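Values in this document were obtained by computation on a predicted structure and should not be read as measured data.
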Amino acid sequence: MDKDNTISQNSLQYIYRSRNLPHKYDTDKPIFITYRLKFTIPNSIKEEMNLRKKEWQKKYASLPESEKPNALKLNELETFRRFDELLHKSDEVPRLLHRVDLTNVIIDNFHYFNNQRYQLQAFCIMPNHVHVLIKPLKQPDGEVFSLAHINYTWKRFTSNKINKILNRTGSLWQDESYDHLIQSDNEFYATLEYIINNPIKAGLVDHWKDWHGTWIREDLKSRQ
């Protein structure tokens with residue numbers, strides 16, 4: 001997180017940003033990743049996020065020093081979730097990924113390297129962004145597969161394929177992505193529920209199973 005916890009007026013990179021190496025991840029801990037289509041953030045979203053930022057900074061300044069580190073972590077997650085909610089509600093952002101043929105491109109891509117570079121836990125492909133939960137695996141040399149490389153190959157392949165389907169050129173995905181290391185079983189299942197319930201919160205379906213772009217590992221379905 002940026003030291004001053006600021007939200008960029010231009011691209012909100014505080015929320016959707018890329019964490020590249022030398023970041024290291026453990027194979028036994030899942031990672032929650034979100035990335036979105038490339039589009040200009042509507043002013044209405046920027047204004048609300050900046051208003052919330054100012055209100056939070058006032059509260060943060062009054063906290064005891066011992067409470068500030070935890071407050072920063074909680075605020076990062078809350079800010080992300082609020083931004084995600086605003087994307088659902090806004091009429092000013094594209095909604096390309098509601099199409100089944102485009103969703104299938106992303107679904108096939110996620111499964112292609114499953115159990116090779118990562119273990120796929122769950123994903124949800126929303127009309128303008130994607131949530132995915134994985135456990136990175138080790139390479140033959142013992143190093144964990146780079147999250148930056150995994151993310152890059154996802155975006156490169158799907159961008160090329162979707163652009164061909166739509167007969168368009170140019171960037172499809174925003175460069176920055178959001179990623180969060182899951183630290184406990186409770187956090188894992190809370191994140192899992194957040195992912196699969198995204199279409200319900202957006203008013204797209206009544207049950208997560210009804211959304212074509214939602215997938216969850218078979219042995220995890222009993223927990224839902």
Report the C-alpha distance between Arg82 and Glu85 in whole Å, list the side-chain angles of each, state the deciding distance to 0.1 Å, and finish with yes or no for salt bridge (charged side-chain N to carboxylate O under 4.0 Å, His left out).
CA-CA 5 Å; Arg82 180 55 182 158; Glu85 182 183 336; 2.8 Å; yes
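- Between the Thr103 side chain and the Leu97 main chain, a donor and an acceptor come within less than 3.5 Å of each other.
- Proximity of Ile182 to Lys29: side-chain heavy atoms (C-beta onward) are nowhere separated by under 4.5 Å.
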Residue pair Asn198, Asp84: steps toward the side chain to side chain contact (heavy atoms under 4.5 Å, CB included) verdict
CA-CA 9 Å; Asn198 233 233; Asp84 197 30; 3.4 Å; yes
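- At distances below 3.5 Å, at least one donor-acceptor pair connects side-chain atoms of Lys155 with backbone N or O atoms of Gln174.
- The minimum heavy-atom distance linking Phe145 with Lys138 is given by the pair CE1-O, 3.7 Å.
- Shown here for Gly213 and Ile107, the closest heavy-atom pair between the two residues is CA-CD1, 4.5 Å.
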Please step through salt bridge (charged side-chain N to carboxylate O under 4.0 Å, His left out) for the pair Lys221 and Glu218, ending with a clear verdict.
CA-CA 6 Å; Lys221 289 182 179 179; Glu218 193 64 33; 3.2 Å; yes
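- The 12-atom threshold is not exceeded at CG of Asp91, counting heavy atoms of other residues, nucleotides or ligands nearer than 6.0 Å.
- Minimum heavy-atom separation, Trp56 to Ala71: CZ2-O, 3.8 Å.
- Transitive grouping of hydrophobic side chains (ILVMFWY, heavy atoms separated by less than 4.5 Å) keeps Tyr152 and Ile162 in distinct clusters.
- Ring-plane geometry between Trp215 and Phe123 is classed as parallel, the angle between the planes falling under 30 degrees on a 0 to 90 degree scale with a further cut at 60.
- Distance CZ/Arg95 to CG/Leu87: 8.5 Å, rounded to 0.5 Å.
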Test log, rule salt bridge (charged side-chain N to carboxylate O under 4.0 Å, His left out), inputs Glu78 and Arg81:
CA-CA 5 Å; Glu78 289 171 3; Arg81 290 188 172 183; over 6 Å; no
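- Heavy-atom minimum distance, Met126 versus Ala202: CE-CB, 3.8 Å.
- Under the 3.5 Å distance criterion, the side-chain polar atoms of Asn151 are left unmatched by any main-chain donor or acceptor of Leu147.
- Looking at Asn109, its side chain never comes within 3.5 Å of a backbone N or O of Val105 through a donor-acceptor pair.
- Heavy-atom minimum distance, Leu120 versus Asn114: N-OD1, 2.7 Å.
- To the nearest 0.5 angstrom, His111 atom NE2 is 12.0 Å from Ile106 atom CD1.
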Quick one: do Phe188 and Leu133 satisfy side chain to side chain contact (heavy atoms under 4.5 Å, CB included)? Show the steps, please.
CA-CA 9 Å; Phe188 176 85; Leu133 186 62; 3.5 Å; yes
Full working for side chain to side chain contact (heavy atoms under 4.5 Å, CB included) between Leu96 and Phe39:
CA-CA 11 Å; Leu96 291 177; Phe39 54 84; over 6 Å; no
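- Checked options Tyr118, Trp173, Tyr112; the residue passing with Trp154 is Tyr118 (criterion: ring pair (Phe, Tyr, Trp, His ring centres under 6.0 Å)).
- With hydrogens and angles ignored, the 3.5 Å screen pairs no side-chain donor or acceptor of Trp208 with any backbone N or O of Ile195.
- Here the OG1-CG distance, from Thr158 to Leu172, works out to 6.5 Å after rounding to the nearest 0.5 Å.
- By the 4.5 Å heavy-atom criterion applied to side chains, Tyr178 and Leu77 are counted as neighbours.
- Between the side chain of Thr79 and the main chain of Asn75, a donor-acceptor pair closer than 3.5 Å is present.
- Going from atom OG1 of Thr191 over to atom CD1 of Ile31 covers 12.0 Å, rounded to the nearest 0.5 Å.
- Formation of a donor-acceptor pair under 3.5 Å by the Asn128 side chain with backbone atoms of Arg36 is not found in this model.
- Atom CG of Asn167 has 12 or fewer heavy atoms from other residues, nucleotides or ligands within 6.0 Å.
- Ser62 approaches Lys59 most closely through the heavy-atom pair OG-O, 2.8 Å.
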Under the criterion side chain to side chain contact (heavy atoms under 4.5 Å, CB included), I'd like the reasoning laid out for Ile150 against Phe113: C-alpha separation, chi angles, the key distance, then a yes or no.
CA-CA 9 Å; Ile150 290 171; Phe113 287 112; over 6 Å; no
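- Within 6.0 Å of CG in Asp206 there are 12 or fewer heavy atoms belonging to other residues, nucleotides or ligands.
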Test log, rule ring pair (Phe, Tyr, Trp, His ring centres under 6.0 Å), inputs His180 and Phe80:
CA-CA 11 Å; His180 176 72; Phe80 162 76; 9.0 Å; no
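- Using a 4.5 Å cut-off on side-chain heavy atoms (C-beta onward), Tyr60 and Leu72 make contact.
- Around NZ of Lys164, the count of heavy atoms belonging to other residues, nucleotides or ligands within 6.0 Å does not exceed 12.
- The existence of a salt bridge linking Arg52 and Glu55 is excluded, since no basic side-chain nitrogen approaches an acidic carboxylate oxygen closer than 4.0 Å.
- A donor-acceptor pair under 3.5 Å links the side-chain atoms of Glu187 to the main chain of Gln183, judged by distance alone.
- Within 6.0 Å of NZ on Lys209 lie no more than 12 heavy atoms contributed by other residues, nucleotides or ligands.
- Within the 4.5 Å cutoff, the side chain of Ile41 has no heavy atoms near those of the Met49 side chain.
- In this structure, the side chain of Ser159 does not engage the main chain of Arg156 through any donor-acceptor pair within 3.5 Å.
- Side-chain N or O atoms of His149 include none that pairs as donor or acceptor with a backbone N or O of Ser146 at under 3.5 Å.
- Distance check: His212 NE2 to His98 NE2 gives 12.5 Å after rounding to the nearest 0.5 Å.
- For the atom pair Leu166 CG and Arg99 CZ, the distance stands at 5.0 Å (nearest 0.5 Å).
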